[in-house]
Amino acid sequence: MAKVLVVTSGKGGVGKTTSTAALGAALAQMGQRVVVIDFDVGLRNLDLVLGAERRVVFDLINVVQGVAKLQQALIRDKRLENLWLLPASQTRDKDALTDEGISRVIAELRTKFDWILCDSPAGIERGAMLAMRYADEAVIVTNPEVSSVRDSDRIIGMLDSKTVKAERGEFVAKHILITRYDAGRASRGEMLGIEDILEILATPLLGIIPESQDVLRASNVGSPVTLHNADSPPARAYIDAVNRLLGETIAMTVPTERKSFMSRLLGRRAA
Amino acid sequence: MNAVTPPTRQLIRMRGRSYVAFVFSPVVPVAGWLEEIDATLGRSPGFFAGKPVVLDLSALQLSQSGIAHLISSLEQRGIRILGLEGVDEEHVTTSMPPLLTGGRNCMLAQNDPKESREKEQPKAKPKPASLLIESPVRSGQSVVFTEGDITVLGSVGSGAELVAGGSIHVYGALRGRAMAGIEGNAAARIFCQKIEAELLAIDGFYRTAEDISDSLRHRPAQAWLAGNVMRIEPLN
């Protein structure tokens, strides 16, 4: 049965789009049929992160308004045949999205795919509301800082009240994905600890993605990090998260500071 | 069987029972006030018929004969006085209705008698005086319950808001705002298992996070009003 998963956060810049691409690619690599939808109408980015920006013809708004058929707007990834993209429109704004139109598009996608990943825009307005509207599950992307955690708390409240599932009295399964976790700063007490975040949000943890140059490097070449360098620490963390989404039990590893041989040597001498 | 039954003692049963009565509070000039009563009776002659009426004379300084005159004036209008309130005992004679004390206010619906009877028929269940929330209250959510207490089984997030007519109980961390006793209940209190609140308010008196002692932070605590000062103390 198809699952609709919204990747959301409230706050901007925490890594929703990067995480959508990485999770989508990892799911596709595991043989799942995946479509990622960019809901950030007017500020689309997912096409860039997936390296599909030069192949966009029709977009989500065209499909919602009935100008184009779904098959015309879907873009298949060149590297992963199971991964598809439904891009956002860059020339329109979020008011062009309609509840009825999104409902129809999601219902049609449910018949064709195993996973429908909705990349939510930042904020709590129309775009974000419609991205989460039909979700069965939600990944809440959170950075280890108070502003991000509070925004996530707000979004969790909305997932529990504004989604179709919530209105039916059912629950949207929620998962916290902590991104940009810097072990060094955490050990110096400059960031919120994992325990603190989970205590505040009272929601299960899906994974901890370490802050890494690998993420930026992958985005710049238009490739999800799980595809670009599958052995890098962030890619491994995303792959673990996907396995947990698929129901496997995998021990959670909190990234630790990696000291170089030299700094360890110097550290010992100093001590 | 023995034919002679021992004489049983007749017990006098005395019970307390409270009733609802109209309370009249005449004001000076009494003649003008009586005219108002006449006007009311003119609009609906049977308004006070058969209703118990208590006379509250605390706003007047009447002599014994003055009180007697007022009572008889009302009796002429068909209003029977059940008791007196707010007068010195020495002014009350045995022929006057007894002096009452300890009265409590209650709401009286000023409805047409017929209408009120119809309304009473499908007697609605009394509304619950407390609201139980079994999930965390998230940032941006606002829970307003003016009828009584709010109890939260979970945490109240930063940016969330609880507004209660009565007390607030949080079995978790209170990181948002809690406003208790908002409709003028100074006896309301706020309890939480972990105090990290942005703002606490009871009956209009408030304290922001800055005014809450750091030594209390992260501890179980309660807040209440001592006069015009909000006190916040640890619970253990």
Side-chain angles (χ1 to χ4, degrees), chain A residues 6 8-12 14 120 122-126 128-129 132 135 138-163 165-176 189 192-205, chain B residues 128 131-145 150-164 168-179 190-200 208-212 214-221 234-236:
Chain A
V6 61
T8 184
S9 70
K11 195 174 185 297
V14 295
S120 171
I124 51 170
E125 282 75 38
R126 192 178 184 82
M129 286 293 106
M132 69 167 66
V139 168
I140 300 116
V141 182
T142 305
N143 286 171
E145 47 179 289
V146 281
S147 55
S148 174
V149 172
R150 181 159 78 181
D151 291 358
S152 295
D153 196 39
R154 176 108 166 98
I155 284 291
I156 294 170
M158 293 184 144
L159 285 164
D160 285 340
S161 59
K162 299 278 164 67
T163 53
K165 275 210 147 186
E167 282 168 10
R168 279 200 213 122
E170 298 166 33
F171 283 101
V172 174
K174 297 174 291 283
H175 317 272
I176 300 292
L192 278 178
I194 304 291
E195 291 295 316
D196 296 332
I197 299 172
L198 296 181
E199 209 249 89
I200 292 172
L201 297 178
T203 304
L205 180 63
Chain B
L131 175 69
L132 178 68
I133 297 165
E134 293 185 84
S135 54
V137 181
R138 304 288 182 179
S139 181
Q141 290 178 332
S142 178
V143 178
V144 181
F145 186 70
I150 297 179
T151 307
V152 181
L153 302 180
S155 294
V156 178
S158 160
E161 193 176 74
L162 300 179
V163 180
I168 292 173
H169 311 258
V170 179
Y171 294 93
L174 173 55
R175 302 191 177 90
R177 298 161 157 249
M179 285 165 253
I190 299 169
F191 305 86
C192 61
Q193 272 193 339
K194 203 171 169 189
I195 184 165
E196 291 167 42
E198 291 166 345
L199 179 137
L200 297 179
T208 57
E210 279 204 340
D211 308 325
I212 299 170
D214 279 344
S215 61
L216 282 169
R217 298 240 135 206
H218 312 301
R219 294 176 68 183
L235 270 174
N236 50 6

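Each chain gets a letter, A, B and so on, in the order its sequence line appears, and its residues count up from 1.
Distance CG/Leu201(A) to OG/Ser155(B): 10.0 Å, rounded to 0.5 Å.
Shown here for Gln141(B) and Arg154(A), the closest heavy-atom pair between the two residues is N-NH1, 4.4 Å.
Crowding of Glu167(A) atom CD: a count of heavy atoms from other residues, nucleotides or ligands under 6.0 Å exceeding 12.
Between the side chains of Arg150(A) and Ser158(B), at least one donor-acceptor pair of N or O atoms lies under 3.5 Å.
Looking at Asp153(A), its side chain never comes within 3.5 Å of a backbone N or O of Arg138(B) through a donor-acceptor pair.
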